[in-house]
Protein chains: 4
Amino acid sequence: MTGNSNILDAAMRVFSKKGFRGSSIADITKEAGVSKALFYHYFKSKEDLLVIFAKKRLEDFSPLIRGLQADRPPEERVRFLIDFVLNELENESAKLRFYNMLYLSEDGVTAIEIAMNNYQEQFEQLFSVEKKLFSDLGFSDPAMEATFMRSTLQGISLEYLLGPADYPLEIMKKKLLTRYISNGDSK
Amino acid sequence: MTGNSNILDAAMRVFSKKGFRGSSIADITKEAGVSKALFYHYFKSKEDLLVIFAKKRLEDFSPLIRGLQADRPPEERVRFLIDFVLNELENESAKLRFYNMLYLSEDGVTAIEIAMNNYQEQFEQLFSVEKKLFSDLGFSDPAMEATFMRSTLQGISLEYLLGPADYPLEIMKKKLLTRYISNGDSK
Amino acid sequence: MTGNSNILDAAMRVFSKKGFRGSSIADITKEAGVSKALFYHYFKSKEDLLVIFAKKRLEDFSPLIRGLQADRPPEERVRFLIDFVLNELENESAKLRFYNMLYLSEDGVTAIEIAMNNYQEQFEQLFSVEKKLFSDLGFSDPAMEATFMRSTLQGISLEYLLGPADYPLEIMKKKLLTRYISNGDSK
Amino acid sequence: MTGNSNILDAAMRVFSKKGFRGSSIADITKEAGVSKALFYHYFKSKEDLLVIFAKKRLEDFSPLIRGLQADRPPEERVRFLIDFVLNELENESAKLRFYNMLYLSEDGVTAIEIAMNNYQEQFEQLFSVEKKLFSDLGFSDPAMEATFMRSTLQGISLEYLLGPADYPLEIMKKKLLTRYISNGDSK
DNA sequence: TATGAATGAGTATTCATTCAT
DNA sequence: CATGAATGAATACTCATTCAT
């Protein structure tokens with residue numbers, strides 16, 4: 001573990017608990033067990049971290065793209081998509097809460113825009129394989145369907161994060177799946 | 001306009017732009033055109049505002065409950081529900097972005113818990129009329145269906161807020177509606 | 001009880017607990033159950049209170065002067081002096097702690113100087129009857145003896161105030177008395 | 001001079017003039033010629049200073065204990081005790097005024113309690129050598145005598161501090177001494 | 001006699017950041 | 001690679017005081 005990633009890990013832990021604005025460099029370096037000066041040896045600024053995390057998040061989607069590119073029947077692919085997005089919820093809820101706040105905050109939006117410069121292409125790839133998926137599933141407007149799916153997954157994620165204990169995640173997963181794979185009772 | 005609500009309005013404007021933690025009392029009082037001290041004449045603390053806004057938000061749902069209680073065919077009620085939630089997006093996107101961040105942040109969760117003390121009952125009422133709606137629509141598990149609907153609406157809202165300009169809100173609305181009212185081509 | 005004295009009493013209670021600088025006008029008026037503005041209706045400023053209390057304190061000594069002026073044997077008078085100073089300790093320790101701090105603080109010294117303008121004469125009277133007392137007791141330097149007595153009483157008071165529970169006040173009283181009335185074992 | 005002790009010295013100067021509550025961190029750091037932030041680099045809080053000073057004060061008594069432990073005739077020891085306590089008055093009156101206020105204020109009492117945790121033992125030692133002294137001098141109740149002596153010294157100190165210019169310190173010293181060493185006219 | 005609204009200046013404390021070593 | 005010393009600017013919050021009513 002380089003000192004660098006030690007600090008990054010600490011930062012993610014702290015941000016997950018107290019948010020970006022609510023966390024200070026002192027909080028982070030205390031959590032990492034290093035001096036504040038060392039933080040500035042590795043990173044340009046506090047905002048710098050946000051860009052790094054935004055990039056990291058975008059990279060998270062690489063395996064999703066590869067999974068959707070694979071030569072598999074669309075039913076398998078849609079199940080893969082749903083599982084990919086919703087399975088990380090249970091293990092990484094603090095981190096995901098942080099990422100969700102990032103999307104909504106001005107700080108985050110700025111960071112994401114900077115990060116996007118390098119990842120625009122990748123993002124378009126993702127959208128493209130999603131469209132391919134819904135086209136293969138027989139939808140007449142695969143782009144809209146991809147957007148709808150993304151929104152629904154986002155909503156389920158968000159509602160889960162608001163109260164993980166009470167949320168019927170598995171049932172929601174199944175409910176969503178039956179919309180695309182006709183093997184269950186939809187009512 | 002009492003001094004009190006002048007400050008509250010200013011606070012909402014500022015929070016919407018810069019978030020709760022990102023906004024200072026100085027920002028708020030400057031926006032309101034009053035002294036910092038006057039803020040503390042009316043409010044106990046910065047956190048106090050959060051509780052007030054959380055209560056306000058909970059009150060926003062009163063007309064929704066009344067609308068769903070009305071003696072109307074379920075098709076009309078489901079359309080009312082969807083419209084109620086998604087129509088405010090266009091006019092109040094800044095405010096809603098703030099509320100969404102509130103749900104996700106620790107500050108917000110604390111405030112909501114305090115506010116909830118007075119509104120628990122009302123919230124249960126909302127869930128109850130939603131279940132009635134989906135029961136009337138013929139769903140065998142109306143509670144789960146209500147949760148799914150809520151998640152989907154939340155997801156559409158969130159995705160819209162991330163990029164209002166590009167988001168096909170009307171199409172998503174229609175797509176969602178056809179799930180419950182069989183008059184359109186679902187594919 | 002006029003509103004005026006209601007506030008003064010409240011102020012003394014608050015000052016006794018938190019000191020002069022540690023108490024705010026808000027603390028005082030809250031304790032008195034009136035508005036801050038009413039405070040300024042009756043008093044010119046916070047410092048004003050200090051002068052008032054300093055005057056009050058100086059007035060406290062009037063009965064002491066009268067008691068020492070009375071035509072009684074010096075043994076009775078010295079006992080009266082000791083009792084007068086030390087008896088109030090038990091009932092009024094909070095108030096006395098406040099007065100003692102007053103003597104030591106710059107705020108207090110200023111206030112006392114202002115108050116003294118009106119009471120200089122009275123104070124000289126007190127010193128004069130004390131000197132008469134020690135002269136009657138046969139001391140060759142009654143002024144010095146008065147100063148010594150005053151210092152000792154002050155010291156006993158102070159030490160008592162530092163820890164009333166553990167301090168052997170009655171024994172100290174007796175010990176002091178035997179210095180002037182030869183009826184006890186001095187060792 | 002480390003930055004640390006530079007600030008501590010400045011704090012003592014400021015506290016001596018304006019008291020603890022009457023002094024601000026800004027006052028202290030201005031006096032020390034450093035930034036406010038540096039204060040918090042070295043100290044946890046304003047109250048922290050009080051604990052530090054309380055500890056310092058307790059340490060001041062170490063040489064007194066050693067002096068009283070020494071194998072010397074009790075007459076010499078009692079003279080040492082009186083000199084030790086009263087001699088610092090002339091050089092350090094501002095500092096001592098501050099310490100005396102400390103004893104009386106709630107802030108100070110809290111600080112002293114915290115400081116005492118480490119010095120309880122030392123304090124008991126002091127009391128013990130004082131008792132030994134008065135026992136050697138032939139008093140039947142040395143504990144009470146020690147308390148009486150302490151009170152008298154405290155009182156002389158306090159009265160001196162209230163008006164150093166007019167107070168006959170040397171005469172009081174002699175007066176007190178004759179109580180224990182029979183070589184002078186007590187009247 | 002009584003108050004609520006209002007404020008400028010100040011309070012302790014924290015922040016992100018820099019720099020010499 | 002690593003730190004302690006240092007700071008200007010900001011933070012939430014409080015203060016004594018005034019004034020219109």
Side-chain angles (χ1 to χ4, degrees), chain A residues 2-4 6-7 20-30 32-50, chain B residues 2-4 6-7 20-30 32-50 107, chain C residues 2-4 6-7 20-30 32-49, chain D residues 2-4 6-7 20-30 32-49 107:
Chain A
T2 78
N4 185 316
N6 169 29
I7 295 176
F20 178 69
R21 292 272 193 168
S23 308
S24 69
I25 303 293
D27 290 336
I28 293 167
T29 52
K30 211 175 293 166
V34 300
S35 71
K36 271 187 288 178
L38 189 59
F39 175 90
Y40 285 94
H41 177 71
Y42 285 118
F43 307 102
K44 231 179 48 204
S45 70
K46 199 186 168 191
E47 264 70 27
D48 200 21
L49 287 183
L50 235 38
Chain B
T2 77
N4 184 317
N6 171 27
I7 295 176
F20 178 68
R21 293 272 194 167
S23 309
S24 70
I25 303 294
D27 291 337
I28 294 168
T29 53
K30 211 174 293 165
V34 298
S35 71
K36 267 188 288 177
L38 189 61
F39 175 91
Y40 288 95
H41 181 66
Y42 287 115
F43 307 101
K44 236 179 46 202
S45 69
K46 199 185 168 191
E47 263 71 27
D48 201 19
L49 286 183
L50 237 37
D107 303 320
Chain C
T2 78
N4 185 317
N6 170 29
I7 295 176
F20 177 69
R21 293 273 193 167
S23 307
S24 69
I25 303 293
D27 289 337
I28 294 167
T29 53
K30 211 175 294 164
V34 299
S35 71
K36 270 186 288 178
L38 190 60
F39 175 91
Y40 285 94
H41 178 72
Y42 285 118
F43 307 103
K44 230 179 49 204
S45 70
K46 200 186 167 191
E47 264 71 27
D48 200 21
L49 286 182
Chain D
T2 79
N4 185 318
N6 171 28
I7 295 176
F20 178 69
R21 293 270 193 167
S23 309
S24 70
I25 303 294
D27 291 337
I28 294 167
T29 53
K30 211 173 293 165
V34 299
S35 71
K36 268 189 289 176
L38 189 60
F39 175 90
Y40 287 95
H41 181 66
Y42 287 115
F43 307 102
K44 237 178 49 201
S45 68
K46 198 186 169 191
E47 264 72 27
D48 201 20
L49 286 183
D107 303 320

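A note on names: the letters A, B, ... follow the listed sequences, proteins ahead of strands, and every chain is numbered from 1.
Computed from coordinates, the B:H41 NE2 to E:dA6 P distance equals 7 Å when rounded to whole Å. Atom-to-atom, CZ of C:F43 to P of E:dT1 comes out at 11 Å; the value is rounded to the nearest Å. Rounding to whole angstrom units, CD1 of residue B:I28 and C1' of F:dA10 are separated by 15 Å. Across the protein-nucleic acid pair, D:L49 atom CG and E:dT13 atom C1' stand 13 Å apart, rounded to whole Å. Rounded to whole Å, the distance from OH on D:Y42 to P on E:dA12 is 20 Å. Here F:dT7 presents its C1' atom at 12 Å from CD1 of D:I7, a figure rounded to the nearest Å. For the pair B:N6 CG and E:dG4 P, the interatomic distance rounds to 20 Å; values are reported in whole Å.
With C:F20 as the aromatic partner, C:K46 meets the cation-pi criteria of under 6.0 angstrom to the ring centre and within 45 degrees of the ring axis.
To the nearest 0.5 Å, the span separating OG on D:S24 from NZ on D:K30 amounts to 7.0 Å. For the atom pair CG of B:D107 and CZ of B:R21, the computed distance is 4.0 Å after rounding to the nearest 0.5 Å. Within the model, atoms CG of C:D48 and CZ of C:F39 stand 7.5 Å from one another, a figure rounded to the nearest 0.5 Å.
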message: Counting Watson-Crick and G-U wobble pairs with both distances under 3.5 Å, what is the dot-bracket string for DNA chain F, 5' to 3', using [ ] for crossing pairs and | for pairs to another strand?
response: .||||||||||||||||||||
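A donor-acceptor contact shorter than 3.5 Å is absent between the side chain of C:D27 and the backbone of C:S23.
Of the listed residues (C:I28, C:N4, C:I25, C:L38), just one forms a side-chain contact (heavy atoms from CB on, under 4.5 Å) with C:F43, and that residue is C:N4.
Residues D:A32 and D:N6 come closest through the heavy atom pair O-ND2, 3.3 Å.
Judged by closest nucleotide on DNA chain E, B:S35 is the one of B:S35 and D:D27 placed further toward the 5' end.
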field: Under 4.0 Å protein heavy-atom contacts per nucleotide of nucleotides 16-21 of chain F, with B for base, S for backbone only and - for none
entry: SBBB--
message: Under the criterion side-chain contact (heavy atoms from CB on, under 4.5 Å), I'd like the reasoning laid out for C:I7 against C:T29: C-alpha separation, chi angles, the key distance, then a yes or no.
response: CA-CA 7 Å; C:I7 295 176; C:T29 53; 5.6 Å; no
